[in-house]
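Structure, as structure tokens:
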Amino acid sequence: MFKAVSNKVDFPAQELETLAFWKAHDTFAKSLAARREAPEYVFYDGPPFATGLPHYGHLLAGTIKDIIPRYQTMRGHYVERRFGWDCHGLPVEYEVEQELKISGKREIEKLGVDVFNERCRGIVLRYSGEWREVVTRMGRWVDFDRDYKTMDPAYMESIWWVFKSLWDKGLIYKGNKILPYCPRCATPLSNFETNQGYVDVQDPAITVRFRLVDAPDTFFLAWTTTPWTLPSNMALAVGPRMRYLKVLDGQTTYILAKERLGVYYRKPEQIKILDEVSGAELVGARYTPLFPYFADRAGAFRVIAGDFVSTEDGTGIVHMAPGFGEDDYAAALANKIPVVCPMDEEGRFTAEVSDYAGREVKEADADIIRRLKHEGALVHQSTIQHSYPHCWRCDKPLLYRAISTWFVRVESLRERILAANQGTDWVPAHLRDGRFGKWLEQARDWAISRNRYWGAPLPIWSSADGKETVCIGSMEELARRSGHPVSDLHKHFVDKITLPSSEGRGPLMRVPEVLDCWFESGAMPYAQAHYPFENREKFESRFPADFIAEGLDQTRGWFYTLMVLSTALFDKPAFRHVIVNGLVLAADGRKMSKRMKNYPDPAKLIETYGADALRLYMVNSPVVRAESLRFSEAGVQDLMRHILIPLWNAHSFFVTYANVDGWKPGAGGRMSEVGSQPTNLLDRWIGSSLEALCAEVTLALDAYDLQRAVRPFVHFIENLTNWYIRRSRRRFWKSQDDADKTEAYETLYTVLLTLSKIAAPFTPFISEEIYRTLRTETMPESVHLCDFPQGDESRRDKPLEQRMADVMTVVGLARGLRAAHDLKVRQPLARMWVVCRDAARLAAIAERQDLVLEELNVKEVRFLERESGFATVKAKADFRKLGPRLGSKMKHAAGAIAALTGEQVEALAAGAALTLQLDGAPFVLEPGDMTIEHLPHPGHVVAAEAGFVVALDTQRTPELEREGLAREFVNKVQNMRKTADLEVTTRIRLEVSGAPAVREALDKHGEYVRAEVLAVACEWRDNTDDGAQAMDLNGHACAIRLTPA
RNA sequence: GGGCGUGUAGCUCAGUUGGUUAGAGCGUGUCCCUGAUAAGGACAAGGUCCCUGGUUCGACUCCAGGCACGCCCA
């Protein structure tokens, strides 16, 4: 006996039981243990931040990260799956700052970096329990107990090794980067932080003049909204292809962009245009500095060319303060202009700018403007309203300034990175050379240091004068060189450690920065294994990964950092195959937003439909090809209805009847006979279809195309439930235990068992339930411990699949006719005709005419090879065949072929060649050059499709009417049985009264009726007062009373 | 401004080397079927395959140029 299976299944509840089973039996561990000696398939799991709860994007990526490893395990590989956590970085620091109600560098350092960091350590895994719960509930198998954390000492030590390896290869250097900086918090901000703080503000907008060295009465005009940067002016920039004018205004000559002239001089008669030049001609001109502070700097105070110069505002000549602007800085480097940055950490002028030393730079704007005015350098003054970034913590306007930063020389690695990228395989394929490849091509040096606290410290120690610098690559090295034992590499430990100088420069101190957390996650392949300190061999065999899967946003995140580091270290990509998922959007097409509540809570959704339904829904969408998905709850329900429920019902059907009959797997012996074929065509057909399914799924999964892998399930389940089972139903009911019945059980059993394995990677829960109900003692205890069904083309029978498709076509046509002419299937009809010109196809249908007759409730089918009175034949040109031969004559030929008479078509079909006159030239038409189409004769009950013509005889004799009535009666009783919730085997008694026609039908077909409804007795008596159910049978009154026997 | 992607039915999406009736599901309407079914089936309505041009006997498909939307970068 199989475990009883209800057709009223509660998937979410059942999934919880499955989870409990996996837990109790340690099934995941067993699935790994079973493959311990097998070839390894390497998967790397990208670490999420655990500072928030998982959302649909994580569930989606998690599902993909589950399907492929499950599949590869079933295909005979050992697939280790370790979860990882990204522990360091700003998100954690923010949370702590908010909890402690502190903000910025000064307050953190006042509190103590040790206190702060330990607090970060304390909260970083705060939500890991919830993560584990949700990930597990989704059915994902991943090892949380042996997870890796980027804050583990071993992980951090490997990061140091990575860093030092790059250092030794000369790939690390120190430079400057212009970053938004908050003077109050004394902290640079990331781009992400900056983007959330734009506010509309008013700023001064002044135009000042710079005197040319070679022509003291001539001035460049430049415009700025940050007067405080003027003391740091080092150059002026012009657009090399822009046009500039020299205009005489009174005694003075000014130079500005031609396009901006009208803005400065509304009345042209005020001035005289002296000359027009290109920007390129101005380049190199020297001017007198406005302020004396840096007047002695060599190479400064000249005009340079810049592509960033625009004529949207200002004068078309841009004031360059290289210490305070990104373009300015880059242009200064390119043109060998000195960089000055006379501002301290608090945002005050340094002593270099003696007149304003100690004053907040922005606060000095007014005095600077006053002074310029006094000195005659101010040409125009106004204010501007614009959007300007502000600190998200303290709301102060941010200042851009040069920050000392450490870089990886990505630009020098670029060619090698691109070469390594060629060794990767992407889904979707275009990403490799498209978005990702293009990103690589324009990659800049990577700024890897952060002026923060909670992160892996840069392992660099440096003397006070900066002339001696040491990079440390391991704990042991640090301990040896410093004489201090080391067990934790976080900032508050290692900053206390100094190294002796080897050049007599005094103690070397650690540089203050920590690493970008992307550097840490990019080092995951090495660091999760604590390479090279441990696991040397293991790492080497596990690098690069066979497979990773993350979201599209990782093109400039993890995908990138993995690739940079693996190329720098080993000249290889870190992964071979990658599936990139797109964004999960809310149903309204906008981003999912907690505030707007525009999406269903994932936990609730899983409680309603189950994880299998959610998994299938997500995977069966273009979101597994990096396109975005509008998440729809109805879509999840839809998949449950169309795949999971029918699958479950097929299973439930099988178990119910197998138990009724006491059928056991293997009892008939056929199962064990290799290569044995069932005799029943339906059985052979579903077996062949299953083989097709297996082949398609295998092909798609081997290509990492998940959506394509899911699609054939829909078709197969439809075939299984709506054709195989429906047409086989009676085979399972037959009370004699004959060979055909056994074969049906064997077939359905094998199909369901195999199907559970093919579906296991996608829907691990329902597959497990079905498998566990069906398995025998000798089979593995879980479907996930089984091998994936091995495809075997020899088990395909494609001609049979085609023949069955023909039968379905014929049935479909006839059903359409019944519907169109209002002839319900319960009403038997005397005969039908099936016409097909292909005798072989016709014969194949004749062979299975029982299916057709039963499905359509028709007494007899007649087969014809000619349409005779039912339809007219028409010829249609086969464009595919004729097109290449005829070329431009194709159109004419098509017309001529369509115009052929019935006799001509007939003759052609019979094999006679026909000569057409095309544009005066003869053309010999052969039978294969056309296809025959049918036009059903109007007024007849006839339909045609795909070479078949089907006609129905709609005559209803009294005998047919009676039989129809009997079937109607059976239907009503069956519904009553169902309503009364009777077992399928329960015998009943019937008492019936009603119209004479009903009685006649029952008298004539009583035996059939009793057998169908399992009635031991069917009495005709007046039962109207006796709780009988009154109903209408095809217009005849009837009352039925049903009691269990 | 640059890069990449997407654009097919009211909605979500398929569409295989270019071939003449462009498909499925949902939704809508009508009907049917049901002793596996919170099911299923048939039929109907619904399409400028984003636009323009080109190549071709023939373009949803290939090419070029636009437009719209999305993401990334500047």
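Chain letters run A, B, ... following the sequence lines, proteins first and then strands; every chain starts at 1. Not measured: the values here are computed from a predicted model.
Between A/Trp439 and A/Phe559, the ring centre distance reaches or exceeds 6.0 Å. Taking the six-membered ring for Trp and the full ring otherwise, the centers of A/Phe765 and A/Phe11 sit at least 6.0 Å from each other.
For A/His642, the side-chain atoms get nearest to B/rG25 when compared with the rest of B/rG25, B/rG41, B/rA14. You'll find that the side chain of A/Gln442 is closest to B/rC73, out of B/rA36, B/rU12, B/rC73. For A/Asn649, taking side-chain heavy atoms from C-beta onward, the closest of the listed nucleotides B/rA36, B/rC13, B/rC73 is B/rA36. For A/Asp638, the side-chain atoms get nearest to B/rG25 when compared with the rest of B/rC72, B/rU12, B/rG25. In this structure, the nucleotide among B/rA38, B/rC13, B/rA36 sitting nearest to the side chain of A/Arg729 is B/rA36. Of the listed nucleotides (B/rA38, B/rC72, B/rU6), B/rU6 has the atom at the smallest distance from the side chain of A/Glu627. In the set B/rG5, B/rA36, B/rC72, the nucleotide with an atom closest to the side chain of A/Asn722 is B/rA36. Checking B/rA14, B/rU12, B/rC72 against every side-chain atom of A/Arg435, the shortest atom distance belongs to B/rC72.
When the P atom is compared between B/rU55 and B/rC73, the two are found 41 Å apart, to the nearest whole Å. Nucleotides B/rU61 and B/rG7 have their P atoms positioned 12 Å apart, rounded to a whole Å. Taking atom P on both nucleotides, B/rU12 is separated from B/rG53 by 29 Å, rounded to a whole Å.
For the pair A/Tyr609 (side chain) and A/Met640 (backbone), a donor-acceptor distance under 3.5 Å is absent.
Using cut-offs of 30° and 60° for the angle between ring planes, the A/Phe732 and A/Tyr745 rings count as perpendicular. In this structure, A/His651 and A/Trp648 have perpendicular ring planes: the angle between them is above 60°, well past the 30° mark.
When Watson-Crick and G-U wobble pairs are counted only if both distances are under 3.5 Å, B/rU30 pairs with B/rA42. For B/rU16, there is no paired base (Watson-Crick or G-U wobble, both distances below 3.5 Å).
Looking at heavy-atom distances under 4.0 Å, A/Gln637 makes no contact with the nucleic acid at all. Across all strands, A/Ser621 comes closer than 4.0 Å to no nucleic acid atom at all (heavy-atom distances). Within the 4.0 angstrom heavy-atom criterion, no nucleotide atom of any strand lies near A/Arg708. Residue contacts shown for A/Gln707 are limited to sugar-phosphate atoms, with no base heavy atom under 4.0 Å away. Within 4.0 Å of A/Pro622, counting heavy atoms only, lie sugar-phosphate atoms of the nucleic acid but no base atom.
At whole-Å resolution of the value, CE in A/Met618 and C1' in B/rU12 are 16 Å apart. Between the CZ atom of A/Arg727 and the P atom of B/rG41 there is a distance of 15 Å, rounded to whole Å. Summarising the geometry, the separation between CD1 on A/Ile725 and C1' on B/rG41 is reported as 16 Å, rounded to the nearest angstrom. The distance between atom CG of A/Asn581 and atom P of B/rC71, rounded to the nearest whole Å, is 16 Å.
For A/Arg726 against B/rC33, a side-chain-to-base donor-acceptor contact under 3.5 Å is absent.
Between A/Arg967 and A/Asn857, the side chains place a donor N or O and an acceptor N or O closer than 3.5 Å (distance only, hydrogens not considered).
In terms of phosphate contacts, A/Arg641 brings a side-chain nitrogen or oxygen within less than 4.0 Å of OP1 or OP2 of B/rA39.
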